[in-house]
J.: 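Let me begin by handing over the structure; questions about it come next.
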Amino acid sequence: MMVRMLRVLQWGSVFAARLLNPHWSCRLAGLSVRYYSTKTAPQIPGMEYQDAICTLNTLQTNASALEQVRRERSHPQLQLQAMKGFLERAGLTVEELDHLNIIHVTGTKGKGSTCAFTEQILRSYGFRTGFYSSPHLVQVRERIRINGQPIGKELFTKYFWQVYGRLDETKDAHGGTMPAYFRFLTILAFHVFLQEKVDLAVIEVGIGGAYDCTNITRQPWVCGISSLGIDHTQILGDTIEKIAWQKGGIFKPGVPAFTVKQPEDAMDVLKDRAKEIGCPLWVCPELKDYQADCGPLHLGLAGLHQHSNASLALQLSHAWLQKRCLSDKSFFPTSVENTGVLQATSFKPSPIMVKGLADTEWPGRNQTLKHGAVTYFLDGAHTMRSMQACVHWFRETAAHHERNASGPVARVLLFNATGERDSAAMLKLLMPCHFDFAVFCPNITEAIASCNADQQNFNVSVENMLTRCLDNERSWHLHHSNRDNKGSQLLIEDSLPLVPEKKTDTLVFPCILSALQWITQGRDSVLTDPAKRVLAIRPSIMAKAALLRNTAEIHILITGSLHLVGGVLKHLDPASSK
């Protein structure tokens with residue numbers, strides 16, 4: 001077994017993806033750089049955590065795993081059967097998962113925030129919590145949290161090799177198959193939570209619900225559905241009804257479930273699914289309906305769209321606490337009937353609940369970071385509805401910061417989108433923000449090799465990522481060309497004009513670091529660290545940055561992808577990578 005493991009490590013220890021094809025250099029912000037194909041770096045002695053991460057990354061491109069995913073896509077019910085088999089090979093049983101007292105949450109938008117609120121509330125009561133979420137921003141161990149904190153590198157490494165070793169030992173008897181990346185991490189999370197003896201586990205669904213590998217659980221204590229919208233259409237379907245059917249697949253017989261208010265067509269499907277499965281389903285009240293002694297509830301997460309997530313979290317944590325504290329395990333919350341829908345009643349949140357909502361942190365979602373003259377607005381919005389919410393939040397928050405600025409402010413958009421998402425439509429929503437520059441880059445943290453394997457993605461080629469960025473730049477120009485003459489003045493009020501009546505300048509960079517360093521122009525000391533090597537930029541491109549050097553402040557909205565936001569945070573908060 002050890003010989004086989006070492007062989008995996010030798011070819012799996014990839015520390016950085018080098019960029020591809022020299023012809024890109026002339027099109028990416030004037031950077032004089034040659035790109036190379038992905039190569040395997042030698043294993044570095046003592047890098048046990050990195051070895052684990054690099055071995056984990058082999059599951060992104062594991063040929064048998066990819067073939068398995070393709071086969072299962074046409075027969076989705078096979079996914080849960082396969083998950084059960086992998087779980088058993090790892091030494092776990094579905095019955096053991098019942099002991100985790102799971103809160104299972106799905107949705108299109110806001111499921112991660114809902115989980116964060118819920119976990120914080122119950123941790124505030126003194127319970128030992130497990131929290132499984134995706135994707136990670138900087139390090140993969142963020143996905144598996146104990147008491148709100150990502151598990152440590154030593155703990156991750158220990159449990160990783162326990163699970164990987166069992167699966168590797170049994171693969172020859174199962175056609176050489178190993179679980180794909182997300183499936184493996186889900187098994188690992190269950191193993192960690194059982195070994196660490198958590199009182200409860202908050203589990204965020206990956207994609208969909210019915211056939212998501214987290215849905216292997218038989219008896220969660222309570223389920224939740226956040227706001228539904230159109231996303232992952234190739235997997236879940238292209239209508240809100242099809243997507244609602246998939247999300248409702250997490251319902252279990254007799255297990256209470258809560259949903260935020262949904263579009264009528266989606267709500268009808270959820271009601272039918274709940275009736276079919278035998279699951280009591282309640283619709284959450286508005287956040288303003290909860291009467292707390294402190295007055296209006298304060299949330300640790302910014303944005304009006306967080307109100308429905310907070311209400312859902314209150315209902316989930318309340319239902320979990322009732323089941324935990326009452327001997328009657330068949331407890332269901334008080335409700336009233338309203339046009340055929342069970343309407344959950346509001347209640348008076350306890351001081352602990354109030355504090356839990358206020359203390360909740362969830363990086364990369366409506367997050368603001370001020371580094372001297374540079375302010376970063378980070379939001380991983382990647383659907384139409386979440387981008388609408390992002391634009392509302394940014395315009396309101398940035399305007400507040402601009403009113404307090406000592407002089408002219410430059411606005412910059414840093415954008416990327418992945419998968420089948422309609423980036424052109426999202427960019428159109430961002431037009432009213434009136435950016436001075438629109439900057440595009442792939443989700444590559446830096447073009448010069450580094451040893452951070454946590455953020456590598458081998459399921460898409462560098463060439464495809466760069467092509468997507470250039471397509472996004474063209475979409476931005478197209479939106480501008482369709483605007484009338486009145487829309488040609490895009491520089492924000494009181495900013496220094498770059499060229500009279502010039503539309504937003506656009507640039508495409510090969511990596512996140514080069515984009516950030518150009519945008520900030522040496523005005524953020526975190527990015528001027530000599531250790532952060534940067535590729536040379538042609539003088540003609542540097543000349544475009546006169547506006548950025550002369551304004552009092554620079555405001556940067558980073559959006560379109562949580563992976564992009566994570567790459568930015570890696571550079572802005574070096575401690576997050578340690």
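Computed from a predicted model, the values in this text were never measured in an experiment.
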J.: For Y125 and W320, I'd like to know if the aromatic rings sit close, meaning centre-to-centre distance below 6.0 Å.
T.: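 Centroid separation for Y125 and W320: 6.0 Å or greater.
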
J.: CE/M353 to NZ/K348 distance, rounded to the nearest 0.5 angstrom?
T.: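 Taking CE in M353 and NZ in K348, the distance rounds to 13.0 Å.
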
J.: For the pair S311 (side chain) and V260 (backbone), establish whether a donor and an acceptor sit closer than 3.5 Å, ignoring hydrogens and angles.
T.: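 Absent.
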
J.: Which pair of non-hydrogen atoms, one from R523 and one from A552, has the smallest distance, and what is that distance?
T.: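 Scanning both residues completely, I find the closest heavy atoms to be NH2-O, 3.0 Å.
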
J.: Is any side-chain heavy atom of F131 closer than 4.5 Å to one of C115?
T.: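 Contact flag for C115/F131 side chains = yes.
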
J.: Check whether the ring centres of W476 and F437 lie less than 6.0 Å apart, and answer yes or no.
T.: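 For W476 and F437, the ring centres are not under 6.0 Å apart.
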
J.: If we check side chain to side chain donor-acceptor pair (under 3.5 Å) with R411, which of these qualifies: H434, E553, E402, H555?
T.: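 For R411, the side chain to side chain donor-acceptor pair (under 3.5 Å) test succeeds with only one of H434, E553, E402, H555, which is E402.
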
J.: Nearest 0.5 Å, please: how far is CZ in R141 from CD1 in I151?
T.: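 So the gap between those two atoms works out to 8.0 Å.
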
J.: Within a strict 4.5 Å, meaning less than it, do heavy atoms of the I144 and F193 side chains meet?
T.: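 Yes, their side chains come closer than 4.5 Å.
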
J.: Check whether any side-chain heavy atom of F182 sits under 4.5 Å from a side-chain heavy atom of D212, and report yes or no.
T.: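 When only atoms from C-beta onward are counted, D212 and F182 do touch, with a gap below 4.5 Å.
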
J.: So does K570 pair up with E446, basic N to acidic O under 4.0 Å?
T.: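 So K570 pairs with E446 through a salt bridge.
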
J.: Closest heavy-atom contact between C511 and S514?
T.: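 Looking at all heavy atoms of both residues, the closest pair is O-OG, 3.0 Å.
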
J.: Between D436 and T504, is any pair of side-chain heavy atoms under 4.5 Å apart?
T.: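 No, their side chains stay 4.5 Å or more apart.
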
J.: Mind checking whether F156 and Y49 have ring centres under 6.0 Å apart?
T.: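 Distance test on ring centres: under 6.0 Å, yes.
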
J.: Do L414 and L516 come close enough that some side-chain heavy atom pair is under 4.5 Å?
T.: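 A side-chain contact exists here, since the closest heavy-atom pair is under 4.5 Å.
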
J.: Contact between T129 and V202 at the side-chain level, heavy atoms closer than 4.5 Å - yes or no?
T.: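 SC-SC contact between T129 and V202 ruled out.
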
J.: Return the minimal non-hydrogen interatomic distance between K111 and G206, and the atom names on each side.
T.: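 Where K111 meets G206 most closely, the heavy atoms are CE-O, 3.9 Å.
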
J.: Which heavy atom in V222 sits nearest to a heavy atom in A319, and how many Å separate them?
T.: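 That would be CG2-CB, 4.1 Å.
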
J.: Count the heavy atoms belonging to other residues, nucleotides or ligands that lie under 6.0 Å from NZ of K153, then report whether that count exceeds 12.
T.: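 Counting neighbours around NZ of K153, more than 12 heavy atoms of other residues, nucleotides or ligands fall under 6.0 Å, so yes.
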
J.: Keeping K109 on the side-chain end and S386 on the backbone end, is there a donor-acceptor pair under 3.5 Å?
T.: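 Checking the backbone N and O of S386 against the side chain of K109, no donor-acceptor pair under 3.5 Å is found.
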
J.: Please assess V412 against V439 for the test side chain to side chain contact (heavy atoms under 4.5 Å, CB included), listing each intermediate value before the final yes or no.
T.: CA-CA 7 Å; V412 183; V439 178; 3.9 Å; yes

J.: Quick check, are the ring centers of F435 and F394 under 6.0 angstrom apart?
T.: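 Between F435 and F394, the centre distance is under 6.0 Å.
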
J.: For S346 and D289, indicate whether the former's side chain and the latter's backbone hold a donor-acceptor pair under 3.5 Å.
T.: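 Checking the backbone N and O of D289 against the side chain of S346, a donor-acceptor pair under 3.5 Å is found.
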
J.: Looking only at heavy atoms, which two atoms of S226 and T108 are closest? And how far apart?
T.: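 So the minimum-distance heavy-atom pair works out to OG-N, 4.1 Å.
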
J.: For P349, does its backbone N or O pair with a side-chain atom of Y290 as donor and acceptor, under 3.5 Å?
T.: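 No, Y290 side chain to P349 backbone: no donor-acceptor pair under 3.5 Å.
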
J.: Using side chain to side chain contact (heavy atoms under 4.5 Å, CB included) as the criterion, point out the one residue from I121, N147, L321, V198 that pairs with F127.
T.: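 Running side chain to side chain contact (heavy atoms under 4.5 Å, CB included) over I121, N147, L321, V198 with F127 returns exactly one hit, L321.
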
J.: At their closest point, which heavy atom of D379 faces which heavy atom of T559, and how far apart are they?
T.: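 Shortest heavy-atom separation between D379 and T559 comes out as O-OG1, 2.8 Å.
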
J.: For a quick check under 3.5 Å, do N366 and H305 share a side-chain donor-acceptor pair by atom type?
T.: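 Side chains of N366 and H305: pair found under 3.5 Å.
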
J.: Can you measure from CG (L466) to CG (N464) and round to the nearest 0.5 angstrom?
T.: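 Going from the CG atom of L466 to the CG atom of N464 covers 9.0 Å.
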
J.: Has the side chain of D199 got a donor or acceptor atom that lies under 3.5 Å from a matching backbone atom of R128?
T.: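 Indeed, once roles are kept as given, a pair shorter than 3.5 Å links the two residues.
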
